[in-house]
Amino acid sequence: MAGNWKMYKTPSDTTAFFEKFRPLVEKTEHCEIVICPPFTSLAAAVDAARNSSIRVGAQNVSWAKEGAFTGEISGPMIVAVGATHAIVGHSERRQYFNETDETVLKRTQAALEFGLTPIVCVGERLEQRESGNTEAVLVGQFQEGIAGLSAQQFAKIVIAYEPVWAIGTGKTATPEIAADAHRAIRGQVREKYGKEAADAVRILYGGSVKPDNARTLMAQPEIDGVLVGGASLDPVGFASIVNF
Ligand code: PEP
């Protein structure tokens, strides 16, 4: 169960969130919990999550270890503050910051090289769904991006299916729509990496997940977890999603 805070919460907001959130998930054992704050609040989140099972992730990671890449943050820098995960290829990065399948692959490989667990996002835009191209888009994103990983690398990633039309819009994919997309992605995994890898990979659903729809989404066997944006900003709401 992963929370993507997008560009919200300062370090002091982060500390305040954890004070409320931690006790609510203290007994949670059925899942891993990852919170992904902005880079500037990573250290505060790591501090606030110390001695708990909550993990902290970044919202992006550079493909380079270091160098002349103004504004980028590298895997070793993220690891040095104590984070363990990194979201890669979020649709907002693809849409507003020219992220491509090629750069998603490079960032994913860098995350793995430096010991982070990448949460790699794929998903179609509204017009692509409406023109009947959802599966083709997902297959394209898989083949041009993720499929560049070796089997060994692939075994360490988490995939997030996030239909762009459902992100931040309040429109959640129905559990059936989400499960269909997850099946298509898992089918690609099976073809490329085999049945064992397809059975093992965790595919999260993301797109307007809320406390009142988490349970029906999670009831789909295809859906292994959720990546939550807006609703992860509230400690009580996110805890109730985690404990659906
Ligand atoms: C996200 O940012 O990954 C996301 C799914 O956002 P929201 O839950 O707000 O739609």
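Whatever order the structure lists them in is the order used to number ligands and atoms, beginning at 1. For this chain, numbers begin at 1 and follow the sequence in order.
Using a 4.5 Å cut-off on side-chain heavy atoms (C-beta onward), Phe154 and Ile159 make contact.
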Side chain to side chain donor-acceptor pair (under 3.5 Å) between Thr216 and Asn213, intermediate numbers included: CA-CA 6 Å; Thr216 47; Asn213 60 24; over 6 Å; no

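Numbered from 1 in the order shown, with element, the atoms of ligand 1 that lie under 4.0 Å from a heavy atom of Leu227 read 3 (O), 5 (C).
The closest donor-acceptor contact from the side chain of Arg125 to the backbone of Val164 lies at 3.5 Å or more, if one exists at all.
With hydrogens left out, the protein atom closest to atom 9 (O) of ligand 1 is Gly230 N, 2.8 Å, a heavy atom. Here the heavy atom of the protein found nearest to atom 2 (O) of ligand 1 is Lys6 NZ, 2.8 Å. For atom 5 (C) of ligand 1, the nearest protein heavy atom (residue, atom name, distance) is Glu162 OE2, 3.1 Å. Looking at atom 8 (O) of ligand 1, its nearest protein heavy atom turns out to be Gly229 N, 2.8 Å.
At most 12 non-hydrogen atoms from other residues, nucleotides or ligands lie less than 6.0 angstrom from OH of Tyr8.
We find the CD1-OG1 distance between Ile157 and Thr108 to be 6.5 Å, quoted to the nearest 0.5 Å. How far CD of Glu135 is from CD of Glu124: 11.0 Å, rounded to the nearest 0.5 Å.
Of all the heavy atoms of Ile167, the ones lying under 4.0 Å from any atom of ligand 1 are found in both the backbone and the side chain. No part of Ser232 comes within 4.0 Å of ligand 1, judged by heavy-atom distances.
Within the structure, ligand 1 lacks Cys121 among the residues with a heavy atom less than 4.0 angstrom away. By the 4.0 Å heavy-atom criterion, His90 is counted among the residues contacting ligand 1.
At a threshold of 4.0 Å, the pair Arg186-Asp199 does not count as salt-bridged, since none of the basic side-chain nitrogens sits closer than that to a carboxylate oxygen.
By the 3.5 Å distance cut-off applied to N or O atoms, Gly207 is not counted among the residues near ligand 1. In terms of N/O distances under 3.5 Å, ligand 1 is approached by Gly168.
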